[in-house]
Amino acid sequence: MAAKRECFLVGLLFTVVLALGGKQGKRNANRAVTCTSTSFICRYDGSCIDRTWLCDTERDCPDGADEIACPTDCSGANQFKCHNGKCIPRSYRCDGDNDCGDSSDETICSGSTSSCPVSNEFKCSNGNCIPASFKCDGDNDCGDLSDELGCHSASTCAAGEHLCPGENKCLPQKWICDSYKDCQDGSDEAVSCPTDCSHMNMYKCRNGKCTSREFVCDGHNDCGDSSDEFDCEHFVCLQGEVKCDNFICIEGFKRCDGKNDCGTGYDERGCSG
């Protein structure tokens, strides 16, 4: 029975790609694959899409959940503004196709995978490109921490941070005792961390698993049973945090700091100057 289901799914995906064609056809086919911890869960049918497709101007979820409360001025991290004013997914930049209609998405392309198409961007180890200003800011913008490596040359870190021995890497307080080993030696998850998910940086899933509180209501099934994505409308952020319109929590000091920390631009709205 399982083999039949798999064959049917493969055939269905192939049909979808042929029917829709091009990039959107491939994206819709990929939407049906099994969810991972780095996926965004479409709330309508539980299917998953790549996180880099969020707020990229193209509706990938059946209910359009991936394009809700997104910037409309092409300022989103996953958006690219064409010279003619059109917004396209950033992933379409320098891919050999004239997606803008005026070819502005195919100009000033390096032709090399070792650098980013935009001069003021940083190339992550996983291939992602982020604004250069995001490097060494204490946030895992790349997704693989490569933008935070080698940022601290001192033997000590700022108050509340944790220095990973031998790595020259300082971790923010919210990554300490959050059930994920960010230091190679695991010192940020030392024996002093509780095992019952009771630490302020931990969240207890319904299946008993501990996950990082930072991962709650972020659109990813980190628990394995999706319980970290339930009832997000009523999830309460910690004192000093700001709740974004997509239900994730960010530190209060990131409000109006010029960086789209919410991912939807919510934290930068109504800011003076």
Where Gly64 and Arg59 come nearest, the two heavy atoms and their spacing: N-NE, 3.4 Å
To the nearest 0.5 Å, how far apart are OG in Ser75 and CG in Asn260? 6.5 Å
Cysteines Cys217 and Cys249 with SG distance under 2.5 Å: no
Going through the checks in order, is the side-chain contact (heavy atoms from CB on, under 4.5 Å) test met by Arg206 and Cys223? CA-CA 8 Å; Arg206 294 187 182 181; Cys223 282; over 6 Å; no
Just how far is it from atom CG of Asp188 to atom SG of Cys193, taken to the nearest 0.5 Å? 7.5 Å
Please evaluate residues Cys55 and Cys70 with respect to the criterion disulfide bond (SG atoms under 2.5 Å apart), reporting the C-alpha separation (whole Å), side-chain torsions for both, the decisive distance (0.1 Å), and the verdict. CA-CA 5 Å; Cys55 291; Cys70 297; 2.0 Å; yes
To the nearest 0.5 Å, how far apart are CD1 in Ile176 and SG in Cys183? 8.5 Å
What's the spacing between Cys100 SG and Ile88 CD1 if we round to 0.5 Å? 4.0 Å
Close side-chain approach of Asp222 to Ser212, heavy-atom, < 4.5 Å: no
Does any part of the side chain of Cys262, heavy atoms only, come nearer than 4.5 Å to the side chain of Ile250, both counted from C-beta? yes
So, for Asp267 and Arg255, which heavy atoms are closest and what is the spacing to 0.1 Å? O-NH1, 2.7 Å
Exercise: identify the closest heavy-atom pair between Gly85 and Cys74: O-SG, 4.1 Å
Evaluate the side-chain proximity of Glu268 to Asp257: yes if any heavy-atom separation is below 4.5 Å, no if none is. yes
Keeping the roles fixed (side chain from Lys243, backbone from Phe235), state whether a donor-acceptor pair exists under 3.5 Å. yes
Taking the SG atom of each, are Cys87 and Cys82 under 2.5 Å apart? no
Return the minimal non-hydrogen interatomic distance between Asp66 and Ile49, and the atom names on each side. CB-CD1, 3.5 Å
Between Asp178 (side chain) and Asn201 (backbone), is there a donor-acceptor pair under 3.5 Å? no
Salt-bridge criterion met for Arg213 and Glu241 (N-O under 4.0 Å): yes
Which pairs pass ring pair (Phe, Tyr, Trp, His ring centres under 6.0 Å) with one or both residues in residues 177-210, sequence neighbours excluded? Tyr180-Phe215
Inspect cysteines Cys170 and Cys164 and report if their side-chain SG atoms are under 2.5 angstrom from one another. no
Check: Val216 and Glu229 side chains under 4.5 Å, non-hydrogen atoms: no
Tell me, do Pro89 and Thr57 make a side-chain contact under 4.5 Å, heavy atoms counted? yes
Quick check: does any side chain N or O of Glu67 sit under 3.5 Å from a backbone N or O of Asp56, one acting as donor and the other as acceptor? yes
Run the side chain to side chain donor-acceptor pair (under 3.5 Å) test against Lys259 and tell me which residues pass, sequence neighbours left out. Asp137, Asp139, Asp141
Closest heavy-atom contact between Ser226 and Asn221? N-OD1, 2.7 Å
Answer whether the closest heavy-atom distance between the side chains of Trp175 and Glu214 falls below 4.5 Å. yes
Inter-residue atom distance Ile248.CD1 - Tyr266.OH, 0.5 Å rounding: 11.5 Å
Gap separating the CG atom of Asp231 from the CG atom of Asp228, nearest 0.5 angstrom: 12.5 Å
Regarding Asp245 and Thr264, is there a side-chain donor-to-acceptor distance under 3.5 Å anywhere? yes
